[in-house]
Every structure is written in C-alpha cells, then in structure tokens.
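See below for the structure under consideration.
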Amino acid sequence: MSLAIETKDLSDILISAEETKKGVRPLTELAPNLTIDEAYRIQLATIEKKISEGQVISGKKIGLTSLAMQQLLGVDEPDYGHLLHSMEICNGGTVSRDSLLQPKVEAEIAFVLKKDLIGPNVTVADVLEATDYIQPAIEIVDSRVENWKIKLCDTVADNASSGLYVLGEKKLALDEVDLKEIKMELYRNGVLENEGVGKAALGNPAYCVAWLANKLTTYGIHLKANEVILSGALSAAVNANKGDVFFAKFDSLGEVEVRFD
C-alpha cells in the first residue's frame, strides 16, 4: 500500500470517528511504522478535505507545551493542529457534550496576528512584533482515538487532538502585559481545578508561537495575519461532562467561560 493511499485511509478513519462519535483504535496500532512526518500529512489530508467542503482555517493550535506531557509521550518539542471557524464557540456559549467524544478543557493565551509570520528563523521578537493582541482562551481538546490511548503520532494525525475553542472579549497589546507572568485560574462548577502562569508554556507563550512558525515551514505553510494562535495550555486538562460550567480567569487578561449540556 502506497503512503498516499495509506494517508487517505487513515484520515478517513479519523473523519468517520468524528462524524459517528465512536473512538477508533490508535493509528499507531493500525500502522505501526507511522512516522511523525506521515502523521502530519494525515492531519493535512483531513484539513484539506474539510476545506474542500467549505470550512475555513481560522488559525493554529500548539500542543505538548508542558515538559510533563513531552516526557509522557517521549518527545522534545511541541506539536500543532489547525483551527477552523466551525470550531469557535462564543464566550459564555454552550456546547453539546454529545457532539464530542471525550472532551477535556484547558486554559491558554491566544495570539491574534496583524502580519504574516514566515519561517524559518522566526524569533520571539518577531512574534511580539507580528502580534496584534492577545486574548484569554479555553481550548476544548478531544481525541478520536478511544480512551485517549495516544502516542505522539496518534495525536499529530488527529489534528493535535483539537476539538473546539472559546475566546474571551478582552484584548491586550503585548506591551501592556508580561506574558510569562500572566496568572490563570481554571474553575469547574465554581470550584478551582488548577492554575498556572504564562511561562508554563515552555517558558514563554511567544516562544511556542515562534516554534510553530518555524515548524510549519517544513510543510510549506505559514502563519497569516488575522489568524488565532492558541499558544499552549497553562495547566492540566480537565475532563468535561454534561452540566459542567468552566470558567478561566486571567490576571490582566480577563475571563472566558463555556458550558456543556
């Protein structure tokens, strides 16, 4: 079986899992020799299919930005996925729990760009100069792989386990805040679940965005003006169940909320 055929088949398996809301076996079991490069190409095949059906890319997300998660999956760098306009939920909005498979909630800082960032050799200074503003964000991660039984290639192929995202209303220019020291508290049903600070994302969320701009060069992609970039979770992901209300509060950056029914 050629790589092109295998890529399409594995992409179709993930798309079917998303549509039927039934998790599938890890792709690393279905294709034991799957490489990281092939996994990214499976992700791209899925995104290209969705674009052909009328969906629109709104940005990118960065995953595996905590050292603990990198160690768990045996890697030494983050990964990334694509965001689509159809993934965005309004602040304070409600998500049907049944529309997802096994969602978890993370809080992070979103960057919105005012100019393109084209690698290689993008630096943190380049990111700061290219950023229009930042916003508080909740990412709802989800996995099409049953029971979150994932290895690195599984999550990469599965669009970095992307699900949905929520942006808060407040927008700040980067000269108004110290990215590394922004404090975040994540609440579920009024109870503090965890907390973190900006530097939890590999020392600096802007570093994560620079990494992404450079990584995308490998696949002939670049970050574009007006795109939303979710820069990485500031604390552990929390399981989301029917009836849960999640609320993330950021120092200086405001608040963002989502509900599950």
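Basis for what follows: all heavy atoms, side chains included, without hydrogens, waters or symmetry-related copies. The structure presented is a predicted model; accordingly, all values stated were derived computationally and were not measured.
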Original post:
Do Glu139 side-chain atoms and Glu106 backbone N/O form a donor-acceptor pair below 3.5 Å?
Top reply: no

**OP:** For Asn214 and Thr217, test the side chains for any donor-to-acceptor distance below 3.5 angstrom and give the result as yes or no.
**Re:** no

Subject >> Nearest-0.5 Å distance, CD1 of residue Ile109 to OG of residue Ser231 >> reply: 5.5 Å

**OP:** Using modelled atom types only, decide if a donor and an acceptor are shared between the side chain of Glu108 and the backbone of Gly232 within a distance under 3.5 Å.
**Re:** yes

**OP:** Would you name the heavy atoms of Ala31 and Leu10 that are closest together and state the gap between them?
**Re:** CB-CD1, 4.1 Å

**OP:** Take Arg259 and Glu257 through the salt bridge (charged side-chain N to carboxylate O under 4.0 Å, His left out) test and state the conclusion after the steps.
**Re:** CA-CA 7 Å; Arg259 300 168 178 267; Glu257 179 179 307; 3.4 Å; yes

Original post:
Can any side-chain N or O of Asp116 pair as donor or acceptor with the backbone N or O of Ala225 at less than 3.5 Å?
Top reply: yes

Subject >> Backbone of Ile13 reached by a side-chain donor or acceptor of Ser16 within 3.5 Å >> reply: no

Original post:
Leu179 versus Leu128: any side-chain heavy-atom pair under 4.5 Å?
Top reply: yes

Original post:
Just by distance, do the side chain of Asp158 and the backbone of Arg144 share a donor-acceptor pair under 3.5 Å?
Top reply: yes

Original post:
Looking only at heavy atoms, which two atoms of Tyr207 and Val124 are closest? And how far apart?
Top reply: CA-CG2, 3.7 Å

Original post:
Do the non-hydrogen side-chain atoms of Leu164 and Val258 ever get within less than 4.5 Å of each other?
Top reply: no

**OP:** Heavy atoms only: give me the nearest Asp142-Pro103 pair and the separation to one decimal.
**Re:** OD1-N, 3.5 Å

Original post:
Once the angle between the rings of Tyr219 and Tyr80 is folded into 0 to 90°, is it parallel (under 30°), tilted (30 to 60°) or perpendicular (over 60°)?
Top reply: tilted

Original post:
Do Tyr165 and Ser58 have a side chain donor and acceptor closer than 3.5 Å?
Top reply: yes

Original post:
What are the two closest non-hydrogen atoms of Arg188 and Asn241, and how far apart are they?
Top reply: NH1-ND2, 4.3 Å

Original post:
With sequence neighbours left out, what residues match Ser235 under side chain to side chain contact (heavy atoms under 4.5 Å, CB included)?
Top reply: Met184, Asn194

**OP:** Evaluate the criterion salt bridge (charged side-chain N to carboxylate O under 4.0 Å, His left out) for residue pair Lys242 and Asp98; output intermediate values, then yes/no.
**Re:** CA-CA 8 Å; Lys242 282 189 176 184; Asp98 292 337; 3.1 Å; yes

Original post:
Among all residues two or more places apart in sequence or in another chain, which pass the salt bridge (charged side-chain N to carboxylate O under 4.0 Å, His left out) test with Lys21?
Top reply: none

Original post:
For Asp132, does the CG atom sit with more than 12 other heavy atoms under 6.0 Å from it, leaving out its own atoms?
Top reply: yes

Original post:
CD of Gln102 to CG of Asn239: how many Å apart, nearest 0.5 Å?
Top reply: 9.0 Å

Original post:
Looking only at atom types and distance, does a side-chain atom of Lys61 sit under 3.5 Å from a main-chain N or O of Ala160, one as donor and one as acceptor?
Top reply: yes

Subject >> Full working for side-chain contact (heavy atoms from CB on, under 4.5 Å) between Leu14 and Leu27 >> reply: CA-CA 9 Å; Leu14 292 171; Leu27 300 193; 3.8 Å; yes

**OP:** Scan side-chain atoms only and decide if Thr155 and Ser161 contain a donor-acceptor pair under the 3.5 Å cut-off.
**Re:** yes

Original post:
Is there a donor-acceptor pair closer than 3.5 Å between any side-chain N or O of Arg97 and the backbone N or O of Asp244?
Top reply: no

**OP:** State whether the side chain of Asn91 and the backbone N or O of Val256 hold a donor-acceptor pair below 3.5 Å, judged by distance alone.
**Re:** no

Original post:
Can a salt bridge be assigned to the pair Glu181 and Lys199 using a cut-off of 4.0 Å between side-chain N and carboxylate O?
Top reply: yes

Subject >> Asp126 side chain vs Thr123 backbone, donor-acceptor pair below 3.5 Å >> reply: yes

Subject >> Residue pair Glu29, Lys149: steps toward the salt bridge (charged side-chain N to carboxylate O under 4.0 Å, His left out) verdict >> reply: CA-CA 10 Å; Glu29 292 181 4; Lys149 190 181 176 184; 3.3 Å; yes

**OP:** Specify the closest pair of heavy atoms between Thr65 and Pro78, including all atoms of both residues, with the distance to one decimal.
**Re:** CG2-CB, 4.3 Å

Original post:
Are Glu18 and Lys50 close enough, and set up right, to give a salt bridge (charged side-chain N to carboxylate O under 4.0 Å, His left out), and what steps lead you there?
Top reply: CA-CA 12 Å; Glu18 183 176 1; Lys50 292 185 176 185; 2.8 Å; yes

